[in-house]
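Single-structure report; data block below.
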Protein chains: 2
Amino acid sequence: MNLTLTEVFRSLESVVVVGGSPVRGKVGNVILDNILRYGFNGRVYVINPKYDSVLGLKSYKNLKELPEKPDIVVVAVPAGAVAQVVEEAASVGAKLAIVISSGFSEDERLSLQKKLENVVKSYKIRVIGPNSAGITLSSLFLHASIEVLPTRGSVGIAAQSGAVGGVIISELKKYSSGVSFFVSLGNCADVSPEEVLEYAAEDENTDALILYLEWLRDGRKFVENGLKLLSTAKPLCVIKGGVGKQSSEAVKSHTGGLTPSYEVFKAAVSKIRGYLATEIQDAVEVCELARRLKRLNPSRIIIVTNSGGLGVLAASHLDLSGFEIPRPPSKLVEALSKLGLRNAASNPLDLGGDTYIETLTDILTLRELKEYYDLAVLAYVPTAAETPEKIAKVIEEKQSSFTLPVIGYFAGEGSYEIVARISKYLPVISSSWILSRALIYMREFNRGFRS
Amino acid sequence: MNLTLTEVFRSLESVVVVGGSPVRGKVGNVILDNILRYGFNGRVYVINPKYDSVLGLKSYKNLKELPEKPDIVVVAVPAGAVAQVVEEAASVGAKLAIVISSGFSEDERLSLQKKLENVVKSYKIRVIGPNSAGITLSSLFLHASIEVLPTRGSVGIAAQSGAVGGVIISELKKYSSGVSFFVSLGNCADVSPEEVLEYAAEDENTDALILYLEWLRDGRKFVENGLKLLSTAKPLCVIKGGVGKQSSEAVKSHTGGLTPSYEVFKAAVSKIRGYLATEIQDAVEVCELARRLKRLNPSRIIIVTNSGGLGVLAASHLDLSGFEIPRPPSKLVEALSKLGLRNAASNPLDLGGDTYIETLTDILTLRELKEYYDLAVLAYVPTAAETPEKIAKVIEEKQSSFTLPVIGYFAGEGSYEIVARISKYLPVISSSWILSRALIYMREFNRGFRS
């Protein structure tokens with residue numbers, strides 16, 4: 001029996017880049033450089049017969065010459081030579097080959113793809129790719145990938161497009177979040193999206209999974225493993241590429257796969273209670289909210305704001321999505337009046353454009369809030385009266401005293417800086433449309449988990 | 001007969017801030033400061049009996065004491081004193097009062113609102129507000145508003161929320177775009193959203209209109225004036241606040257109005273071929289695309305990309321929206337092969353992650369493109385091999401030779417900087433979902449304009 005992805009990823013102590021290069025910009029250079037910069041917790045080797053040393057490492061002629069068996073072999077050689085390198089890797093005892101090389105089924109070179117798949121069948125080695133942008137395992141400080149260096153975190157990513165994976169990594173950074181693992185699946189000669197679901201369910205460093213998917217090998221397995229992920233209460237956000245006839249054609253020339261019917265795919269994602277995203281942006285924000293406010297299943301929401309309009313927009317989306325936005329009851333109105341807020345009986349609780357962030361955060365610390373609401377949304381438009389630094393600082397100081405889960409919604413000048421500083425403490429969304437999508441998903445996701 | 005908004009806005013040579021203040025952060029201070037900073041093309045006065053001078057200007061005791069009749073009177077005094085100030089302004093011959101003061105119908109102080117409306121009925125003066133965040137008229141360099149200073153441009157904005165107006169102003173800046181006029185409508189004692197549509201149709205500095213609307217006084221007038229806007233081929237993007245029972249309640253305490261039924265509202269917007277936005281973000285991006293690519297009504301689209309995934313995502317959304325994504329015909333494939341691109345017969349034309357921006361922009365200059373496509377989408381994920389500066393520079397240099405209209409779609413690290421630099425030359429969108437929404441709108445908008 002071949003090792004599972006979990007078994008493979010658990011014990012990786014050495015990596016070798018076959019085709020590692022000193023030439024800046026070459027794939028074999030970028031990957032090796034990224035491995036060194038991310039600070040892999042193990043030994044790193046290079047194979048390139050053309051050089052004596054590459055990026056300060058001794059360059060070996062072939063795999064057999066290495067002083068130890070490499071656990072991972074990263075393959076960045078021409079497509080025609082890949083199958084043989086993977087075979088050699090298997091024969092020296094490597095557990096995993098990551099094939100970066102392209103020119104396989106995505107290029108209609110089906111025989112090369114087949115040849116690689118045959119190696120997979122004949123040996124115990126596991127293969128990621130071909131046409132992969134590499135992998136990240138943050139617990140091992142391994143970033144054997146051409147994509148941007150991620151922040152360490154607890155979101156798993158698997159993508160049938162390396163670049164989309166890279167975009168997800170970048171977006172997560174904006175929300176002070178990061179990656180537990182990233183697998184750029186490429187053309188899936190062996191490791192498939194279906195299997196990654198199982199790994200994400202089992203990996204204790206992973207809280208949630210974002211998938212960019214164009215096609216599946218085995219829909220039944222996808223649902224089966226998706227249910228395992230669900231049973232561990234880890235949210236799943238899926239971005240689907242290729243949903244019509246023309247774009248399915250495009251998938252064929254991208255990763256060489258055949259897309260399932262969109263209706264069938266939607267039904268499968270719904271069955272495993274995944275969030276089917278419209279775009280990369282909502283996938284990332286919904287994932288963050290669901291991951292960080294796990295088990296939150298609000299019905300009654302209060303919107304606290306310095307902008308009537310932003311508050312009304314949030315209320316509109318929540319309203320249409322079936323959430324309650326009840327007015328503050330008299331006991332809460334009383335508590336608010338003690339903060340100097342007279343007649344504060346509306347929801348959104350709109351305190352006007354001249355309100356300082358202190359006032360709003362003070363409201364969020366009122367213990368009475370807890371009696372009447374499940375969630376608060378802090379909708380804020382920064383004004384010239386306060387710097388983004390000051391707004392961020394106040395929120396940072398007050399957030400531990402908030403009596404309810406709070407979601408931040410900032411818009412306008414300075415909001416980018418505020419989000420960069422506070423998203424460590426406060427989950428945020430960039431639009432009230434995404435807010436409502438996230439809360440609908442969380443309601444659906446938590447169905448059946450209720451204690 | 002009272003002057004129309006067009007007549008009023010055409011001839012404004014002096015502005016006075018009643019309640020102008022030297023105290024930083026006070027409304028009367030922010031407005032005066034903004035008027036001075038934006039560099040109004042006329043005379044500026046202050047009235048505040050408490051001071052001899054404010055921000056370097058002589059402070060007068062009352063309107064009668066001014067050396068000339070002020071065209072605009074900005075009112076920033078307590079609500080109870082507003083009606084009298086506006087009456088005085090009318091009696092000295094002012095054309096327009098902008099009432100910043102709040103505490104009227106939005107505060108359930110209906111008698112104060114009524115009193116102001118009676119002044120409007122009895123005098124020739126036009127009134128914006130109360131509860132307004134002010135106005136901008138970029139052709140006059142007038143920014144009599146508490147909101148952020150806009151960039152000058154050709155987008156008109158009218159909003160029943162000053163802060164949402166401010167957010168729209170900020171978002172436009174991101175796309176190197178700006179404002180021809182901005183009217184923060186407040187509680188609409190006189191000037192209404194309906195009337196702004198007419199002004200936008202007539203104003204030669206305005207190319208498109210973005211509205212944030214919570215309620216309308218006169219739905220029929222809205223449609224009537226919307227058709228005038230449509231007849232001048234100016235796109236209209238509408239963000240609607242208050243769409244359900246609970247959020248309509250919220251509108252009452254925000255601007256004191258009653259929201260129309262959402263279905264009726266949708267039908268009205270559809271009749272005048274407006275774009276009904278989901279959020280501020282898509283309103284701004286769709287407006288920019290429709291305004292800058294006016295009369296574009298593409299059916300055949302080519303996607304040129306360095307990321308298979310991003311290309312497939314764009315294709316998916318366009319596919320679902322009924323656009324054609326035809327593969328390059330042989331003559332174009334030939335032309336591409338002369339650029340060194342072999343077998344470039346797919347669409348999205350995915351050139352792989354190691355493609356430099358030069359190659360992609362070279363493709364966009366091929367004259368053969370024009371024979372087979374109406375529009376090109378440049379979908380690009382910046383890589384470590386090129387700096388955002390270099391990418392932006394290449395696009396800037398090549399864009400004048402593009403043979404088709406091109407829309408940029410950038411994602412991932414560095415894309416923010418690229419967009420900041422190139423959106424002057426190239427219209428951009430931040431997601432393929434918004435791209436498809438924009439193109440659907442343009443198809444609808446251009447219905448009937450075809451020559």
Side-chain angles (χ1 to χ4, degrees), chain A residues 25 27 30 102 106 133 146 148 159-164 166-167 170 212 214 239-247 249-251 253-255 278-281 306-313 315-316 318-320 324-325 346-348 350 352-354 381 384-385 411-413 430-433, chain B residues 25 27 30 102 106 133 146 148 159-164 166-167 170 212 214 239-247 249-251 253-255 278-281 306-313 315-316 318-320 324-325 346-348 350 352-354 381 384-385 411-413 430-433:
Chain A
V27 165
V30 176
S102 57
E106 89 282 5
I146 54 174
V148 286
Q160 278 171 336
S161 157
V164 170
V167 173
S170 305
Y212 170 75
E214 297 185 349
I239 307 151
K240 178 69 175 69
V243 294
K245 198 168 173 301
Q246 303 173 96
S247 53
E249 281 287 311
V251 165
S253 71
H254 179 220
T255 45
T278 302
E279 266 296 342
I280 298 170
Q281 189 65 32
N306 73 337
S307 157
L310 216 63
V312 166
L313 275 178
S316 298
L318 294 173
D319 205 343
L320 283 183
E324 289 171 56
I325 315 158
S346 62
N347 187 7
D350 169 20
D354 53 353
V381 178
E413 221 121 310
S430 67
S431 86
S432 46
W433 175 73
Chain B
V27 164
V30 176
S102 57
E106 89 283 5
I146 54 175
V148 286
Q160 278 170 337
S161 157
V164 169
V167 172
S170 305
Y212 169 74
E214 297 186 347
I239 308 151
K240 178 68 175 70
V243 294
K245 197 166 172 304
Q246 302 173 95
S247 52
E249 282 286 313
V251 164
S253 71
H254 179 220
T255 44
T278 301
E279 266 295 343
I280 299 170
Q281 189 66 32
N306 73 337
S307 157
L310 216 62
V312 166
L313 275 178
S316 299
L318 295 173
D319 207 343
L320 283 182
E324 288 172 56
I325 315 159
S346 62
N347 186 7
D350 169 21
D354 54 354
V381 178
E413 222 123 309
S430 68
S431 86
S432 47
W433 175 73

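This one's a predicted model, so the numbers in the text were calculated from it and none came from an experiment. Only heavy atoms go into these numbers, but all of them, side chains included; no hydrogens, no water, no symmetry mates. We name chains A, B, ... by the order of the sequence lines, and we start the count at 1 in each one.
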### Query
Roughly how far, to the nearest 0.5 Å, is the CG atom of Leu310(A) from the NE2 atom of His254(B)?
10.0 Å

### Query
What part of Ala411(B) is in contact with chain A, defined as an atom under 4.5 angstrom from a non-hydrogen atom: side chain, backbone, both or neither?
both

### Message
Heavy-atom cut-off 4.5 Å, strictly under: side chain, backbone, both or neither for Val251(A) against chain B?
### Response
both

### Which atoms of Val148(B) approach chain A - backbone, side chain, both or neither, heavy atom under 4.5 Å
side chain

### Summary
Whatever's closer than 4.5 Å to a heavy atom in chain A on Val243(B) counts as both

## Note on the structure
Max heavy-atom pairs within cutoff under 4.5 Å with chain B, candidates Thr278(A), Asn306(A), Val164(A), goes to Thr278(A)

### Query
Do you know the tightest heavy-atom contact between Glu279(B) and Ser432(A)?
OE2-OG, 2.6 Å

## Note on the structure
Taking every heavy atom of Glu413(A) against every heavy atom of Ser170(B), the minimum-distance pair comes out as OE1-OG, 2.8 Å

#### Entry: Those residues that, when tested against Asp319(B), pass side chain to side chain donor-acceptor pair (under 3.5 Å) (two or more places apart)
Gln246(A), Ser247(A)

### Message
Tell me the closest heavy-atom pair linking Ser307(B) and Ala163(A), and the distance in Å.
### Response
OG-CB, 3.4 Å

### Message
Which one wins on heavy-atom pair count under 4.5 Å against chain A: Gly412(B), Gly166(B), Pro348(B)?
### Response
Gly412(B)

### Side chain proximity check, Leu313(A) to Ile280(B), heavy atoms < 4.5 angstrom
yes

#### Entry: Leu320(B) versus chain A, the contacting section by heavy-atom distance below 4.5 Å
side chain

### Selection from Ser316(B), Ser161(B), Gly244(B) maximising heavy-atom pairs under 4.5 Å formed with chain A
Ser316(B)

### Task
Using non-hydrogen atoms and a 4.5 Å limit, figure out which bit of Asp354(B) sits close to chain A: side chain, backbone, both or neither.
neither

### Segment of Ile146(B) engaging chain A (4.5 angstrom heavy-atom cut-off)
neither

### Results of side-chain contact (heavy atoms from CB on, under 4.5 Å) for Ser102(B) - residues two or more places apart only
Glu106(B), Asn131(B)

### Query
At a heavy-atom separation under 4.5 Å, does Ser431(B) approach chain A through its side chain, its backbone, both, or neither?
both

### Query
Between Glu324(B) and chain A, which part of the residue has a heavy atom less than 4.5 Å away: side chain, backbone, both or neither?
both

